[in-house]
Amino acid sequence: MWRYRTQFNPDILKDDQRSRLKFSENLPDACTKEKMIYHKERRSQRLVLSVPVVAYRSQKLGLAFSEGTRTLVVSAHGALISLAAKVAADQTLLLKHAFSGEEQECRVVFTQKTPTGPTEVAIEFRQPAPGFWHIAFPPVDWRPNSFS
């Protein structure tokens, strides 16, 4: 099977489309069948950061499990982690910061099985928690008053 990759040319975008394109997006991946895929604006900036955490589910929330892992990406509203345990969208999990011991209730937003290794799991905190990650210099949009 041959795969053809379309070369993306940002000059073909209209001004309003160009402004919606995030600088951090991978341009070839953002282009599918010669049409741009737009994501609504993020609620808070994402940071690539490896933080040791424990994801678990108590017996009350369903089949109990506990797994130590690390974050791949963090934001004030959640994180992307990798898990070997099977979880599904809309399940409730608890995330425990391995260093501080703080816990945050979260819900699974989506899962994506990787070709090699564990499943990537996007989680969203029930309430924004920018202080959960203990980042010395958090992005400007992580201030509590910027959340609506």
Return the minimal non-hydrogen interatomic distance between [X] and [Y], and the atom names on each side.
| X | Y | value |
| --- | --- | --- |
| Ala55 | Phe65 | O-CE1, 3.6 Å |
| Lys96 | Gly101 | CE-O, 3.8 Å |
| Leu47 | Pro139 | CD1-CD, 3.9 Å |
| Gln104 | Gln127 | NE2-O, 3.5 Å |
| Thr119 | Lys113 | OG1-CD, 3.4 Å |

Report yes if some heavy atom in the side chain of [X] is under 4.5 Å from a heavy atom in the side chain of [Y]; otherwise report no.
| X | Y | result |
| --- | --- | --- |
| His77 | Phe125 | no |
| Lys86 | Thr111 | no |
| Asp90 | Arg107 | yes |
| Leu83 | Pro118 | no |
| Phe132 | Leu95 | yes |

Full working for side chain to side chain contact (heavy atoms under 4.5 Å, CB included) between Arg126 and Thr92: CA-CA 9 Å; Arg126 292 290 180 194; Thr92 299; 2.7 Å; yes
Inter-residue atom distance Cys106.SG - Glu124.CD, 0.5 Å rounding: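 Atom-to-atom, Cys106:SG and Glu124:CD are 9.5 Å apart.
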Spatial distance of atom CZ (Arg70) from atom CD1 (Ile81) [nearest 0.5 Å]: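 Going from the CZ atom of Arg70 to the CD1 atom of Ile81 covers 13.0 Å.
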Do any N or O atoms from the side chain of [X] and from the backbone of [Y] form a donor-acceptor pair under 3.5 angstrom?
| X | Y | value |
| --- | --- | --- |
| Trp133 | Ser75 | yes |
| Thr71 | Val73 | no |
| Glu67 | Ala84 | yes |

Val109-Val74 co-clustered via ILVMFWY side chain contacts under 4.5 Å: no
Positive for side chain to side chain contact (heavy atoms under 4.5 Å, CB included) with Val121, one of Thr69, Leu80, Val87: Val87
All side chain to side chain contact (heavy atoms under 4.5 Å, CB included) counterparts of Phe99, not counting sequence neighbours: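 Phe99: side chain to side chain contact (heavy atoms under 4.5 Å, CB included) contacts with Pro52, His97.
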